[in-house]
Amino acid sequence: MEVRNNPWIMSFVIFFCFSFNSHVSLGADTISANSSVSGDQTIVSAGKVFELGFFKPGNSSSKYYIGMWYYKDRVSEQTIVWVANRETPVSDRFSSELKISGGNLVLFNESKIQIWSTNLSSSRSNSVEAVLGDDGNLVLRDGSNPSVSPLWQSFDFPSDTWLPGATVGLNKITKRNTRLISWKSKEDPAPGLFSLELDPNQSRYLIFWNRSLWYWSSGTWNGQIFSGVPEMRLNYIYNFSYVSNDNESYFTYSVYNKTITSRFVMDYGGQIQQKSWLDSVNQWFLFWSQPKTQCEVYGYCGAFGICNEKSQPFCNCLKGFNPKSREDWDSEVFSGGCERATNLQCGNSSVVNGKSDRFFPSDNVKLPANPQTVAARSAQECESTCLSNCSCAAYAYNGSQCSAWFGHLLNMEQLADDTSGTTIYIRLAASEFSSSKSNKGVVIGGVVGSVVIVSLLGLVLFVFLRRRRTVKMGKAVEGSLMAFGYRDLQNATKNFSEKLGGGGFGSVFKGVLPDTSVIAVKKLEGISQGEKQFRSEVSTIGTVQHVNLVRLRGFCSEGAKKLLVYDYMPNGSLDSHLFYEKDSKVLDWKTRYNIALGTARGLTYLHEKCRDCIIHCDIKPENILLDAEFCPKVADFGLAKLVGRDFSRVLTTMRGTRGYLAPEWISGVAITAKADVYSYGMMLFEVVSGRRNSEQSEDGKVKFFPSYVASQINQDHGDILSLLDHRLEGNADLEELTRTCKVACWCIQDDETQRPSMGQVVQILEGVVNVTAPPTPRSLQVFLDSQENIIFFTEASSTQSSQTQSHTSTASSQTKSNTSNTSSKS
Ligand SMILES: *[C@@H]1O[C@H](CO)[C@@H](O)[C@H](O)[C@H]1NC(C)=O
Ligand SMILES: *[C@@H]1O[C@H](CO)[C@@H](O)[C@H](O)[C@H]1NC(C)=O
Ligand SMILES: *[C@@H]1O[C@H](CO)[C@@H](O)[C@H](O)[C@H]1NC(C)=O
Ligand SMILES: *[C@@H]1O[C@H](CO)[C@@H](O)[C@H](O)[C@H]1NC(C)=O
Ligand SMILES: *[C@@H]1O[C@H](CO)[C@@H](O)[C@H](O)[C@H]1NC(C)=O
Ligand SMILES: *[C@@H]1O[C@H](CO)[C@@H](O)[C@H](O)[C@H]1NC(C)=O
Ligand SMILES: *[C@@H]1O[C@H](CO)[C@@H](O)[C@H](O)[C@H]1NC(C)=O
Ligand SMILES: *[C@@H]1O[C@H](CO)[C@@H](O)[C@H](O)[C@H]1NC(C)=O
Ligand SMILES: *[C@@H]1O[C@H](CO)[C@@H](O)[C@H](O)[C@H]1NC(C)=O
Ligand SMILES: *[C@@H]1O[C@H](CO)[C@@H](O)[C@H](O)[C@H]1NC(C)=O
Ligand SMILES: *[C@@H]1O[C@H](CO)[C@@H](O)[C@H](O)[C@H]1NC(C)=O
Ligand SMILES: *[C@@H]1O[C@H](CO)[C@@H](O)[C@H](O)[C@H]1NC(C)=O
């Protein structure tokens, strides 16, 4: 499952952008008996990495907490990594004080009352001091004997952030579970509902809802990676290690390259996230997060809420329900859930006869948690059983089994129309029905109904014709581009009702212009540019025209409303043909090859042929659209520039992108066109296999396709056809297939200078230039060398994998000398 559109992440990133207060450093890293922290005073670690003092989360609150953040020379956005008094803020930081008292580090509030303490019982001498380390660990120790193990350390009491060097696990002696607990909301550091904890029974992490029920598992540790996190094998950023003995079990990690500032966060939305600071753009870069989609977070929308991956915000209340707290809902805290708009009549003795509760069907849903099976042999019986018990909130009948829900409904999801979700019947007061059908209480009979429909049609037609006149008046400006009014696009898209998809830049809707041409309208999000600059960027994009690029037809710019209008592509995006079998036919090899070639041509044009080189930055199957003849068109190019410096923030919203991102994105070095080449290579593997590159099979084992390809093509007798999508039953041109696999491996080299240019890729695919055997990329190599039991992608037998295993390392060392051959052409 991939998320293509995630405005929610965006808001998360923004949250950390509040500016620094003017803190006054005490010029020390230590709080000792004769010093304290109060007001704007702070302490800073010796190497100026972390700072500790009072902070205020967000703008609106007037509450202050003792927290730790990166020193501003390291990370220019104040980023809180630890909070002491999560639940007991102070309002006047100048009369509050953090100091050593009775052998403990203690926070006193305005009334000099202790509101937070390290809570050590042993009353040590007054030589106790608290030292802030460069690793972000606040250590309480005996100042007269600093070398012995700490009396207390903040690493044992993390908030939502896991810093390198810290441990998250279990102390078997004290039974204390060190866990990451999310903030309650983006502006409230109090412990929220979600926590990351070590499973006490296995070497794996779990994310819990309300400390009681887990909804995500990392899969067990196999010595190299967590089995449920296949993408880890591409990750040579972190060095994870697992320690388990009689006293404790935990994981810890370090960052291979010490210059990288990186952290894990248990986010308030229920996802665990991995972020690195990019100095070049002054932004946190979200590199990884799990669970992949927001709706997989258990109970995210609260009681009687329903999650929808495609709506914004993700949560809505069920029909007949309203948010319990509008304020929470507005600040994206949905866990409070919804309440009935109208009380049920069931159990209310004063209700007049004839009016009892009724059931409202809700289609295509993932059913709520905790159903109870009820004996019933028909849908009617199922309904009446539920109706007869006032605490029965909903039922569902699947043809043989009646399920009912008592109390509240939690963890529901609205599924896409084309998936086979279930229908649930939700109990509502009867009055909820009459009010929605007719506002004057008139029962609409067949005749009246059709009259209404006919007159509605007439109205629509009328409005449509009126609009048509307006659209005709739209002037052609900025070269060939059409300037549209917002109302025109609103009408063309039936008020943005038919969503085609989303992306880092905004959602896309289908529309029809009065001249009957079909369009795709992209509602841009997060554009901060001025009018003039926007128009000039848009007109630049308008001049970029190529048969393999989606054509921009026009735009709309009315204040904050910025939209782009594109040609509509009837065959949708490549991912829908590759990965979802449903109703689309399997793409044959010729078509796939042409898509690979066409995409490469489109990218070549972007990189080399147009006036300013355009780096796409987000190549993936979702961004390759197909016209009626399955000719590929690259979408979404040039938009990075439109959003200007906020670019990396936009990238963080593209969560589907992870698997396609070149390693240089994380190291913070300048991004060149070769980053697109990498993503293109990753996509080629998927074009060949018809599946996502990394998948977890039912038995929990992890498969990573590029590793398998790299090993097969480096063998003398590698089974190239086994790489092909098995649905094609071997129907492919073997030479084209080999070429494609080789070029894909070249494209994903870690060192960008070893990757071919897109122009070279075109020549290779056209057969003009030969391609030599590629070396196995380092990131794959590390994995192949060390893994005892490689699990391969194909359904094929185990003989194949053992054969591969023994060949891998020799094969790749043989080919190392060939590295530069692809670039030997002009
Ligand atoms: C805080 O306030 C500033 C200026 O008033 C505003 O630009 C910024 O978006 C606000 N930040 C949050 C997180 O609300
Ligand atoms: C605090 O006390 C320590 C030793 O007890 C001393 O070295 C230091 O100078 C004192 N600091 C201040 C600010 O008085
Ligand atoms: C200080 O904390 C105590 C105990 O929590 C509380 O009763 C008191 O109101 C607080 N003082 C102020 C000024 O908030
Ligand atoms: C310290 O102990 C008090 C009372 O037992 C408790 O309320 C508080 O949460 C503890 N503080 C910490 C930091 O563990
Ligand atoms: C761990 O094992 C215990 C005892 O078998 C069980 O009660 C508990 O639910 C298990 N924990 C998890 C997270 O599976
Ligand atoms: C979480 O669990 C506690 C009891 O452990 C319960 O009181 C609370 O209502 C639960 N929270 C939610 C949101 O269900
Ligand atoms: C990874 O961490 C372990 C344990 O901290 C250490 O022994 C090992 O040398 C590290 N590996 C690398 C390559 O840094
Ligand atoms: C466990 O703790 C005991 C007592 O603290 C200590 O003697 C022993 O060495 C520890 N074992 C390990 C494996 O660290
Ligand atoms: C570490 O990363 C920096 C850029 O952040 C890079 O310049 C440097 O070469 C890297 N060091 C190693 C050993 O990879
Ligand atoms: C019971 O019904 C009466 C009349 O419809 C209504 O006024 C009253 O609020 C209801 N009581 C409850 C507890 O819902
Ligand atoms: C309604 O169903 C619940 C759950 O099955 C049960 O506990 C309760 O006793 C039932 N109430 C009535 C009135 O039957
Ligand atoms: C209905 O659900 C039950 C339990 O989930 C399942 O065993 C049964 O096969 C389902 N029946 C149909 C017709 O889907």
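Owing to the predicted nature of the structure, the values given are computational and were not obtained by experimental measurement. Whatever order the structure lists ligands and atoms in, that order sets their numbers, starting from 1.
The aromatic rings of Phe194 and Tyr215 stand perpendicular to each other, their planes meeting at an angle above 60°, with 30° marking the opposite boundary.
Ligand 7 has Tyr256 within reach: a non-hydrogen atom of the residue lies less than 4.0 Å from it.
Counting heavy atoms from C-beta on, the side chains of Asn247 and Lys172 never come closer than 4.5 Å. Between Pro191 and Arg211, some side-chain heavy-atom pair lies under the 4.5 Å cut-off.
Ligand 6 has no N or O atom lying under 3.5 Å from any N or O atom of Ser335, backbone or side chain. At under 3.5 Å, not a single nitrogen or oxygen of Ser254, backbone or side chain, sits near a nitrogen or oxygen of ligand 7.
Within ligand 6, the atoms closer than 4.0 Å to a non-hydrogen atom of Trp209 are 14 (O), numbered from 1 in the order shown.
Ring centers of Phe334 and Trp329: under 6.0 Å apart, within the cut-off.
For the pair Ser195 (side chain) and Leu180 (backbone), a donor-acceptor distance under 3.5 Å is absent. No donor-acceptor pair under 3.5 Å is formed between the side chain of Thr79 and the backbone N or O of Val75. No side-chain donor-acceptor contact under 3.5 Å links Ser289 to the backbone of Gln273.
Residues passing the disulfide bond (SG atoms under 2.5 Å apart) test with Cys745, sequence neighbours excluded: none.
Taking a heavy-atom cut-off of under 4.0 Å, ligand 11 is surrounded by Gln372, Asn389, Ser391, Phe406.
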